[in-house]
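Naming convention: chains lettered A, B, ... in sequence-line order (proteins, then strands); numbering from 1 in each chain.
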Protein chains: 2
Amino acid sequence: MGAGSGTVGLRTVREANLGVVLRTVRESAPCSRAAVAAATGLNKTTVSSLVADLMARGLVRETGRTEQHGVGRPGVLLDLDDTSVAALGLEVNVDYLSVVAVDLVQRELTARHTPFDAREAGPRESARRIVAALREAADDPAVRGRTVVGAGIAVPALVDSPTGTVRRAPNLGWSDFPLGESVDVLGFPVRVDNDANLGAVAEYRVGSFAGTPDLVYVTGEVGIGAGVLTGGSLLRGSGGFAGELGHLELDPGGPECSCGRRGCLEAVAGIGAILRDAVPDLAPGRPLSGEEVAALVEAAVGRAAAGGAVAVAALERAGTRLGRGLAALVNLVDPGLVLLGGYFVPMGPWLLPRCRAALASGVFAAGPAGCRVEPSALGLSAAARGGAAGVIHALDSGALPLPAAAGTA
Amino acid sequence: MGAGSGTVGLRTVREANLGVVLRTVRESAPCSRAAVAAATGLNKTTVSSLVADLMARGLVRETGRTEQHGVGRPGVLLDLDDTSVAALGLEVNVDYLSVVAVDLVQRELTARHTPFDAREAGPRESARRIVAALREAADDPAVRGRTVVGAGIAVPALVDSPTGTVRRAPNLGWSDFPLGESVDVLGFPVRVDNDANLGAVAEYRVGSFAGTPDLVYVTGEVGIGAGVLTGGSLLRGSGGFAGELGHLELDPGGPECSCGRRGCLEAVAGIGAILRDAVPDLAPGRPLSGEEVAALVEAAVGRAAAGGAVAVAALERAGTRLGRGLAALVNLVDPGLVLLGGYFVPMGPWLLPRCRAALASGVFAAGPAGCRVEPSALGLSAAARGGAAGVIHALDSGALPLPAAAGTA
């Protein structure tokens, strides 16, 4: 049954099988080695060797309990080892730095959210802050002593994810910055990706609709981006630049966008645009600083909640615009579910009804292919959670860290 | 190394392996059974049994030549049997019926293009015509005597492809018609899909850019649809309705669309809209009949070629609109290549320059993710070719016909 294995090296086959066994333990724990063998079709000797390897790496442990199957020795039950490794995730955005650590079962060990102005700091200083934040997280009492198996970094940017180079981040003012290279001093692998992509990964792995294979996560920050998951995989496109929902032309004569063009969705329904419209007396005409954004969102939502007509009308207008933008996405990609993240979550009560109505009236296949729009439950840490979740998921695909002794942070 | 095979039935494994061997012969022919074993990792006894099965089905043949590898008996060389089977493809559109037959190496055996007004005929009469056209093709001198292994039917519609039900085809005036069921009288399997999807399959398998895994095929008929290929697979979305490029809102106050909304891309840059703009004295105000479309396209292209200012300006305007629509697609999906099909091909000399310019100015990632736009070389038979190509490709995945004796059309 080894069709195709002739083209695969032995090391790769072993890694793939380590991933298969890890995934099987994740799905069926507690389970015996014999049960793993039965579920995977691998023979028992191979399974025992793979399990020993996974135990040495701190990924699988024996529970101490046994299970009797027919005659012969009782099988020792295995489970994931949720005490030995950790994965980190970090998001750097226009106005904050968000860091999380999770264990092997995607449980959050620690999380921090810090106001940070990545535009003012510039890419080099931001890279230094990212390294410091990841070191701090690895040294957090809840993480210390674990092997950090990797980190995922989210940036609101076109990212060349194989190299970790940030190609273009208009809202940060960065371009062609080798972020992956700049943070490669941590002793564990680091992967850089687009914030919306990692938000989609987080929704798929740990969000309220986890396991939904076709979904879109939309960032609600100063920029708007979409992470598109189809059949459980990220839609990256030929250059890795799919999902640029924010730069959809919505209003040809509209206001100037950070990208230099006019009337992009993000220029009329990004958080900056919404705030200028919702709290015009408080929002300055210039780009907002990191700390201003959070404060102004709170003010806008507070006024809308108190029935302030200007704020309510602004949020409703933004909802309609967002719905028109989503209609283009749904007509082209047909996800069954769109999750609105970031600051769109607190604005949801005013944004969502208009957004859903505009979407429904703009979608050709509205009847058969109705698309739900829901607020994300992951808040501002979605992309960071996705960065960490992606590292854990990569283990299941056989991208394993070195044995425990060698890979500690 | 049989990870995962525990969950797969033996018949399925054998079918998958038949596909693997067929694919290997396709890629490496002429080649011996021993070479197939080496390339696939399957053992020689298994390969011999699978090859015997493929020969009985008329898919693989012995060339009569041999090859000496080291000591032992010389190996008989195998090749694809391009004389025994055929696959059919058919497209029904607003103004024509197009049928092709291909052999196992995707060579065209026969092709017919007939003016046909599927709107006027209605779905039941159209289904009868489709059955007749497929029977005629199977009985064509170039096809007769071969086993027809299946047919793919293309419709400009939202199609529920697992069941073959046409959900919504506004340009044909059909809705919720069980086309797959209605044509299931032919003695070979028939699969119904969206015309743009099958156009994309055709481009990937037999077009000028065959093998490009990320590409979009855009239909240039009365309707505009997009078939999106990512990583060599069709992007279908959660309900199978992805790629509805024609119903992207381009001009909110624009003309009414067949779908009932206003300003859709297809209402301002579909062939009907272009003709009303390019040859206003010839084009009637009502929807065009099947035969009118082809004649008016010829007239419009003729006038543009002769320097007619009205025709040239209309085609250029359509090019700009199309480029704006493509920009949304490229921002969201990032294909590296867009192929314009159908009547956009003869209109290309006037359409393409403006289309490319509008696309470039509307794409956020224009620099790093530049997207080529080219005319399709497959003409009006692209979707039909895709239908047939998909049937042949399914063989490589193990979806095999019955042994030759039992499955003849």
Side-chain angles (χ1 to χ4, degrees), chain A residues 1-8 13 16-17 20 38-42 158 160 167-168 213-215 226 228 230-231 233 235-249 252 259 261 264 324 327-337 361-365 367-371, chain B residues 1-7 13 16-17 20 37-42 158 160 167-168 213-215 226 228 230-231 233 235-249 252 259 261 264 324 327-337 361-365 367-371:
Chain A
M1 302 304 157
S5 68
T7 57
V8 175
V13 169
N17 283 338
V20 166
T40 59
L42 295 164
L158 294 181
D160 180 46
R167 288 280 169 228
R168 192 172 177 206
D214 296 285
L215 64 80
V228 180
T230 63
S233 297
L235 173 70
R236 292 190 176 276
S238 68
F241 304 133
E244 286 301 330
L245 179 65
H247 299 284
L248 206 72
E249 183 191 76
C259 74
R261 290 174 299 127
C264 294
R324 285 178 54 212
L329 177 75
V330 172
N331 278 324
L332 292 172
V333 175
D334 182 23
L337 174 65
S361 83
V363 171
F364 176 59
C371 180
Chain B
M1 300 309 155
S5 66
T7 59
V13 169
N17 283 339
V20 166
T40 59
L42 294 164
L158 294 181
D160 180 46
R167 289 277 171 230
R168 192 173 177 203
D214 296 285
L215 64 80
V228 179
T230 63
S233 296
L235 173 69
R236 292 190 177 273
S238 67
F241 305 132
E244 285 301 329
L245 179 65
H247 300 283
L248 206 72
E249 181 190 77
C259 73
R261 291 175 297 128
C264 294
R324 285 178 54 214
L329 178 75
V330 172
N331 277 324
L332 292 172
V333 175
D334 182 23
L337 173 66
S361 84
V363 172
F364 177 60
C371 179

(message) Please enumerate all residues that pass side chain to side chain donor-acceptor pair (under 3.5 Å) together with A:R261, with sequence neighbours excluded.
(response) none

(request) Check each atom of B:P252 against the heavy atoms of chain A and say whether the ones under 4.5 Å are side chain, backbone, both or neither. (result) side chain

(message) Tell me whether B:D334 contacts the main-chain N or O of A:G240 through its side chain, where contact means a donor paired with an acceptor under 3.5 Å.
(response) yes

(request) Heavy-atom distances under 4.5 Å only: say whether A:L235 touches chain B with side chain, backbone, both or neither. (result) side chain

(message) Assess the residue pair B:L332 and A:L248 against the criterion (side chain to side chain contact (heavy atoms under 4.5 Å, CB included)); give the C-alpha distance rounded to whole Å, side-chain angles, the decisive distance to 0.1 Å, and a yes or no.
(response) CA-CA 8 Å; B:L332 292 172; A:L248 206 72; 4.1 Å; yes

(request) Kindly compute the distance separating SG (A:C259) from CG (B:N331), expressed to the nearest 0.5 Å. (result) 8.5 Å

(request) Examine whether an atom of B:A327 lies under 4.5 Å from a heavy atom of chain A, and if so say whether it belongs to the side chain, the backbone or both; otherwise answer neither. (result) neither

(message) Only pairs of heavy atoms separated by less than 4.5 Å count here; which of A:L329, A:L215, A:L337 has the most with chain B?
(response) A:L329

(message) If I compare all heavy atoms of B:S238 with all of A:P335, which pair ends up nearest, and what's the gap?
(response) OG-C, 3.3 Å

(message) Does any backbone or side-chain atom of B:R236 lie under 4.5 Å from a heavy atom of chain A? Answer side chain, backbone, both or neither.
(response) backbone

